[in-house]
Amino acid sequence: MSESSTKETSLLRNLWDDRAAAGLAENPLELLRYRSNLLGEDLRITNFGGGNTSSKFELADPLTGERLRHLVSRQARGVNRSLPW
């Protein structure tokens with residue numbers, strides 16, 4: 001394998017789209033989903049048989065409306081490519 005072909009296949013593409021992310025800025029759960037899906041796009045960095053991303057958010061409690069800190073975890077899309085979300 002030549003050095004040039006090694007460099008081409010060893011680097012990860014930057015799939016982040018600032019415009020798409022900015023459109024999700026008001027909804028932190030959608031932004032987490034966006035990040036998770038991008039990580040799952042490249043199977044070289046997706047854990048075989050499992051993997052997730054997580055973030056901490058301040059969200060309203062659905063019963064009381066009180067703002068509480070939540071740890072939200074989402075399975076990376078590469079683990080289960082059939083997930084539409």
Side-chain angles (χ1 to χ4, degrees):
M1 186 179 273
S2 72
E3 185 177 323
S4 63
S5 65
T6 302
K7 285 188 179 208
E8 287 175 26
T9 58
S10 65
L11 300 176
L12 300 176
R13 287 187 352 224
N14 182 358
L15 301 176
W16 187 263
D17 180 342
D18 285 332
R19 199 175 312 181
L24 301 172
E26 294 296 316
N27 187 336
L29 297 177
E30 285 297 316
L31 191 56
L32 174 61
R33 180 179 76 125
Y34 176 70
R35 290 192 329 248
S36 295
N37 286 346
L38 289 182
L39 286 170
E41 286 298 315
D42 192 325
L43 296 178
R44 294 175 297 168
I45 60 172
T46 303
N47 291 332
F48 176 77
N52 63 54
T53 55
S54 61
S55 287
K56 292 179 183 173
F57 300 109
E58 221 177 81
L59 301 168
D61 181 289
L63 298 176
T64 66
E66 180 184 3
R67 304 278 304 169
L68 300 171
R69 194 147 172 97
H70 294 32
L71 174 64
V72 179
S73 179
R74 186 192 185 287
Q75 185 176 30
R77 180 184 224 165
V79 174
N80 185 346
R81 293 183 106 46
S82 66
L83 293 175
W85 45 271

Test side chain to side chain contact (heavy atoms under 4.5 Å, CB included) applied to Glu66 - qualifying residues, sequence neighbours left out: Thr64, Leu68
Taking every non-hydrogen atom, the tightest pair across Gly65 and Ala60: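 Looking at all heavy atoms of both residues, the closest pair is O-CB, 3.9 Å.
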Arg67 versus Glu58, closest heavy-atom pair with distance: NH2-O, 2.7 Å
Would you be so kind as to tabulate the donor-acceptor pairs closer than 3.5 Å made by side chains of residues 17-26, with sequence neighbours excluded?
{"residue": "Asp17", "atom": "OD1", "partner": "Arg19", "partner atom": "N", "Å": "2.9"}
{"residue": "Asp17", "atom": "OD1", "partner": "Ala20", "partner atom": "N", "Å": "3.3"}
{"residue": "Asp18", "atom": "OD1", "partner": "Trp16", "partner atom": "NE1", "Å": "3.0"}

CG-CZ distance between Asn37 and Arg33, expressed to the nearest 0.5 angstrom: 6.0 Å
Side-chain hydrophobic cluster, 4.5 Å single linkage: members besides Leu63: none
Connected hydrophobic set around Phe57, excluding itself, where side chains approach under 4.5 Å: Leu29, Leu32, Leu59, Val72
